[in-house]
Amino acid sequence: MNMLETMAANASDHKDWEAVYAKRAAVVQAVASTGSIKVNDLPELDRLGRFTVAMEHWSICDQGARDALLNDQHPHVRSCALNRSQKAQN
């Protein structure tokens, strides 16, 4: 379980959830701000973070990150990655 997943598992009220959302957004932004997302950047993200990367930052993912998102353990991440992959091909 990574830091974001641990925070989410321990969130008990609205303030805790706001902290989880803010931390996720900060981590995704930090990863994306480098201009290239690599497979090694993905483990620090929870499934919603990986979904966000697939949805909003597919174009800056290298092939390793794309393959990891296409084969993610969570079906929503895989589905989004597949959708973005198909759109990129057209």
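Everything numeric in this text was worked out from a predicted model, so none of it was measured. All values below were derived from every heavy atom in this structure, side-chain atoms included, with hydrogens, water molecules and symmetry-related copies excluded.
Across every non-hydrogen atom of Met1 and Ala9, the tightest pair is SD-CB, 4.4 Å. Closest of all the heavy-atom pairs between Ala8 and Trp17 is O-CH2, 3.5 Å. Contact between Leu42 and Ala68 at its shortest, heavy atoms only, is CD1-CB, 3.7 Å.
Lys87 and Ser85 form no side-chain donor-acceptor contact under 3.5 Å, judged by distance and modelled atom types alone. Side-chain N/O atoms of Gln63 and Asp67 include a donor and acceptor closer than 3.5 Å.
Interatomic distance, SG of Cys61 versus CZ of Arg84, reported as 10.0 Å (0.5 Å rounding). Here CG of Leu70 is found 4.0 Å from CH2 of Trp58. Values are rounded to the nearest 0.5 Å. We find the SG-NE2 distance between Cys80 and His74 to be 12.0 Å, quoted to the nearest 0.5 Å.
Side-chain atoms of Thr52 come within 3.5 Å of backbone N or O of Leu48 as a donor-acceptor pair. The closest donor-acceptor contact from the side chain of Arg78 to the backbone of Leu69 lies at 3.5 Å or more, if one exists at all. Looking only at distances, a side-chain donor or acceptor of Asp41 sits under 3.5 Å from a matching main-chain atom of Lys38. In this structure, the side chain of Ser33 engages the main chain of Ala30 through a donor-acceptor pair within 3.5 Å. Between the side chain of Glu5 and the backbone N or O of Asn2, at least one donor-acceptor pair lies under 3.5 Å. In this structure a side-chain-to-backbone donor-acceptor pair under 3.5 Å is present from Asn10 to Thr6.
Scanning for side-chain hydrogen bond (donor to acceptor under 3.5 Å, both in side chains) contacts around Arg24 gives Asp46, with sequence neighbours left out. By the side-chain hydrogen bond (donor to acceptor under 3.5 Å, both in side chains) test, Asp16 is found to be paired with Ser12, residues two or more places apart in sequence or in another chain being considered.
For the pair Val31/His57, no side-chain contact is recorded, criterion being any heavy-atom separation below 4.5 Å from C-beta on. Residues Lys23 and Met7 meet the side-chain proximity criterion, which asks for heavy atoms closer than 4.5 Å. Side chains of Ile60 and Ser36 form no contact here, defined as non-hydrogen atoms less than 4.5 Å apart.
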Query - Working for side-chain contact (heavy atoms from CB on, under 4.5 Å), residues Met3 and Glu44 - result: CA-CA 7 Å; Met3 178 203 39; Glu44 65 184 294; over 6 Å; no
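A salt bridge links Asp72 with Arg50; the closest basic N to acidic carboxylate O contact falls under 4.0 Å.
Atom CE of Met55 has 12 or fewer heavy atoms from other residues, nucleotides or ligands within 6.0 Å.
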